[in-house]
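Worksheet: the structure to be examined is printed underneath.
Counting convention: from 1, in listed order, for ligands and their atoms alike. Below, each value reflects all heavy atoms present in this structure, side chains not excepted, and no hydrogens, waters or symmetry copies.
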Amino acid sequence: MNNPINFAHRGASAYCPENTIAAFAEAVRLGATGIETDIQRTKDGKLVCIHDESLLRTTGLNKLVCDTDYEELDALDAGSWFGAEFAGERIPTLERLLLLAAESNLVLNLELKNGVVLYPGMEAEIIAAVREAGLAERVVLSSFNHYSLALCKSLAPEIRTGILYMEGLYRPWAYAATLQADALHAYHYAVLPEWVREAAEHGVVYHPFTVNDEREMRRLIEAGVAGIITDYPDRLRDLLEAR
Ligand code: G3P
Ligand code: MG
């Protein structure tokens, strides 16, 4: 059986400021085989990797990403909040991350953060960028906005989609079929081995998040999940190497 994809959540976010090039590079160094990141859009239409709608928590600027032009956003320090040694880290563009991925074998999980600010048209823009980079086969698009995932699949049937959810959904593989989704990005407590098996029988895989505890990682590996999203790719690497 293939090893599950080791998705570094926002990069190696336990060790570096989340969603920065430092976090992505450290993830690779620590054995990640995939990177999960969050995509929002600036006022002038640049797709950028940042979790929050607001710039406040990670850069100190009390402004929304959607109200900020890229030039202003690019001048912000997205590293110092985490540690002085990361001063000067910036908010990466999606383009930059795609370049990094194109030079490696990484799988990219691009989470569309379009549940609060809807970012109309974002789906087509991300898909165009992914196709342009030649990465359609190595990308999984996910979102808590399932209408958006249905749209992604209709625009790009060749790109995998993953449904993000927190609840103990009833027969989630049947729900996945209604969106033609490929993966279940379930909160890790919403993953039982018998569900993983039944989902697989329906051609649907699990990529649970966010799993930092080693015992829980082991439980999910044994259950047969296809990927695990973690802040600690090194912990997961060690477990997978010991198999
Ligand atoms: O994609 C998994 C996880 O990142 C979803 O939650 O809030 O960390 O983006 P959040
Ligand atoms: Mg995320």
Side-chain angles (χ1 to χ4, degrees), residues 4-21 23-24 26-27 32-41 47-59 64-66 78 81-82 91-94 97-98 101 106-119 122-123 126 130 138-149 152 159-169 172 176 179 181-191 196 199 204-213 216-217 220 225-233 235-236:
I5 302 163
N6 182 347
F7 284 108
H9 179 238
R10 312 180 194 177
S13 58
Y15 304 107
C16 297
E18 64 187 55
N19 288 329
T20 60
I21 294 297
F24 300 151
E26 183 66 358
T33 52
I35 286 177
E36 186 270 357
T37 189
D38 310 290
I39 308 295
Q40 312 247 8
R41 191 173 68 192
L47 297 166
V48 289
C49 304
I50 180 168
H51 179 270
D52 299 2
E53 285 72 29
S54 165
L55 293 158
L56 184 61
R57 180 174 61 89
T58 55
T59 74
L64 298 178
V65 176
C66 65
W81 72 276
F82 191 87
I91 299 169
T93 59
L94 171 61
L97 176 61
L98 291 172
L106 283 171
V107 179
L108 283 187
N109 172 201
L110 305 177
E111 181 187 347
L112 284 67
K113 277 288 181 208
N114 52 359
V116 179
V117 179
L118 295 179
Y119 300 119
M122 172 189 245
E123 296 87 351
I126 293 178
V130 168
R138 270 201 275 141
V139 164
V140 184
L141 301 172
S142 65
S143 180
F144 285 100
N145 178 340
H146 301 172
Y147 286 91
S148 176
L149 290 178
C152 286
I159 302 181
R160 283 173 284 171
T161 55
I163 300 175
L164 272 164
Y165 65 97
M166 303 287 293
E167 312 77 9
L169 282 186
L179 299 174
D182 305 273
L184 297 165
H185 288 216
Y187 184 54
H188 64 95
Y189 291 125
V191 183
V196 177
V204 177
V205 298
Y206 273 88
H207 298 152
F209 70 95
T210 300
V211 189
N212 293 333
D213 176 76
E216 182 66 348
M217 286 176 179
L220 292 164
V225 301
I228 291 180
I229 300 172
T230 177
D231 298 333
Y232 293 89
R235 291 182 185 171
L236 182 53

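Between the side chains of Glu216 and His188, at least one donor N or O sits under 3.5 Å from an acceptor N or O.
Side-chain contact between Tyr119 and Leu47 is absent, with no heavy-atom pair separated by less than 4.5 Å. At a threshold of 4.5 Å between non-hydrogen side-chain atoms, the residues Leu112 and Ser142 do not count as touching. Between Asn109 and Ile5 there is no side-chain heavy-atom pair separated by less than 4.5 Å. In this structure the side chain of Tyr165 never reaches within 4.5 angstrom of the side chain of Tyr187, judged on heavy atoms. Using a 4.5 Å heavy-atom threshold, the side chains of Arg138 and Val140 count as separate.
Ranking the protein heavy atoms by distance from atom 1 (O) of ligand 1 puts Glu36 OE2, 2.8 Å first. Protein heavy atom closest to atom 5 (C) of ligand 1, with residue, atom name and distance, is Glu111 OE1, 3.4 Å. For atom 10 (P) of ligand 1, the closest non-hydrogen atom of the protein is His51 NE2, 3.3 Å. What sits closest to atom 3 (C) of ligand 1 on the protein, heavy atoms only, is His9 NE2, 3.5 Å.
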Check step by step if side-chain contact (heavy atoms from CB on, under 4.5 Å) holds for Trp81 and Arg57. CA-CA 8 Å; Trp81 72 276; Arg57 180 174 61 89; 4.0 Å; yes
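The N/O atoms of Arg10, backbone and side chain alike, include one that comes under 3.5 Å of an N/O atom in ligand 1. Some N or O of Asp38 is nearer than 3.5 Å to an N or O of ligand 1, by distance alone.
Screening Arg10, His185, His207 for a side chain to side chain contact (heavy atoms under 4.5 Å, CB included) with Glu36, the sole residue that qualifies is Arg10.
Around the Mg ion (ligand 2), the protein atoms of type N, O or S that sit closer than 2.8 Å are Glu36 OE2, Asp38 OD1, Glu111 OE1.
Asn212 meets the side-chain hydrogen bond (donor to acceptor under 3.5 Å, both in side chains) test with Thr230, Asp231; sequence neighbours excluded.
Against a heavy-atom cut-off of under 4.0 Å, Lys113 is close to the following atoms of ligand 1: 7 (O), 9 (O), 10 (P).
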